[in-house]
Amino acid sequence: MTHRERRQATLDLADEELRALFGSVAELAEREIRATRDGPVFAEPPSTERLAPVLSDCNEVPQDGEPLPELLDACAQVLGAGRRSAPGFFGYVFSPPSPVGVAADMLAAAADQNVTAWRSAPAATQVERTAIRWLGQLVGFADPPAGMLVSGGSAANLMALVIALAARAEPDMDRRLLTVYVSAETHFSIAKAASVLGVSLRRIGVDRARRLDVAALDKAIADDCGAGLQPLCVVGTAGTTATGAVDRLDALADVAGGRGLWLHVDGAYGALAAAAPSVRPLFAGLERANSLSLDPHKWLYVPVACGALLLRDSVAAANAFGSGADDYVRVLGQGEVESFAFWEHGLELSRPFRALKVWMTLRHYGARRIAATIAEDIAVAAHLAECVRADEQLELLAGPSLSICCFRHVPPELPETELDGHNERLLEAVQRDGRVYLSNATVEGRLALRACITNFRTTKAVAERTVAIVRELGGRMVAAESR
Ligand SMILES: Cc1ncc(COP(=O)(O)O)c(C=O)c1O
């Protein structure tokens, strides 16, 4: 065998094999999309016993390879044992990807652009900068904003605090005195980011709509200044994870601006809803934030992982991340476009071509259709709330706000003290049942069954079926417990 033949016999595939592989993969991907479209959430109730045979041969690293048809069969089993974001999946904040987003990710993998800088990935870098500009336009943030795509809201929130620190604190300040203000409903990724950075976190209470209490915020900042702390940043939320509340962003901008603090808005779940004219007024003040997190993998229907950090001021990110690159990545280009390097504006060096799925999604569907789809998700949540209100054995605990509806089963047989335990068992029963999927939230100390609708396939009929399933399983549990 010549050296050339030996190299060809290593990892590459002959043209016919390549075509056969991608034919099979396309078929499998199509089957997966159809299964996600039709449901159920789980083909069979999930359990470790169910997964054991699927993964039985996986204890040792394979020394010799196996043929592709067998391997694809094994893949099909793994996919088939997974959770599908079917129309009845209302847990956490998950949306199914549109088929166009899936196709984009397959193409991005094939092209394998490492989107570090224009120097090494010129077209992909420009596509990403375009995608960032479009995201800003969609939600009414700065035009053009600075920023970049990241793995998700957690990464965007961490980067926002790093940038706030560089912008508003001297390098030699005692970090424990620097204080970040959040509400009791703020996502835990902000607390995690504060802990990573070693800055303090102050939790402010919420009003009756579960929005950050602005008067309490103002007082806490004044008190902290008096006590020698150094207020750094206010974090508002545009769509809380538990109930979908949107903080009063204009009022937060007044407080933060008046005191020279950074305003970050965590819109990982909700900010993309600002694209929908019917709810746009809720987001008034968003454009005044210094930084904004939003997640295309939540409400732009692209596959995970894709979050975004948008910034009003491009210099701020460069101040935080733009020094000290090694010589081997030194920027060689001239001018703003050709010398642009993402590593000067964020944490990562190697980065995937996330932008292709955002760019293809927005080009294919257009902003108007995306906005209408988001508005329809919100309408389905409102319908679910109506169904809950109409049922005397269900109680609406919050909302609906944006596309989240929190409720619980209140059978007349059970006293208030037993309702949390009953609803927790009911939640587990719903998840194991697999026809629909809810997750939980705590609303004013009570355990809620929480439905978040970010699924372009979910209809009002599915919301009605969800209520029927909760009643069916809840009723069955009450009957079994009273026997
Ligand atoms: C408001 C909010 N912020 C941040 C996050 C974290 O986002 P990710 O899971 O993309 O890291 C979430 C996740 O649901 C969220 O709802």
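All residue numbers in this chain count up from 1 along the given sequence. Numbering of ligands and ligand atoms starts at 1, following listing order.
- A distance below 6.0 Å separates the ring centres of Trp299 and Tyr269.
- In this model, no donor atom of one side chain and acceptor atom of the other lie less than 3.5 Å apart for Asn455 and Tyr301.
- Within 4.0 Å of ligand 1, protein heavy atoms belong to Val93, Gly152, Gly153, Ser154, Asn157, His187, Ser189, Gly239, Thr241, Asp266, Ala268, Tyr269, Asp295, His297, Lys298, listed by chain and number.
- The closest side-chain donor-acceptor pair between His264 and Asn290, if any, does not fall under 3.5 angstrom.
- Considering only residues two or more places apart in sequence or on other chains, Phe89 meets the ring-ring contact (aromatic ring centres under 6.0 Å, His included) condition with Phe94, Tyr437.
- For the 3.5 Å distance criterion, the side chains of Asp266 and Ser293 fail to qualify, holding no donor opposite an acceptor.
- Cation-pi check for Arg129 over Phe340 is met; the charged atom lies under 6.0 angstrom from the ring centroid and within 45 degrees of its normal.
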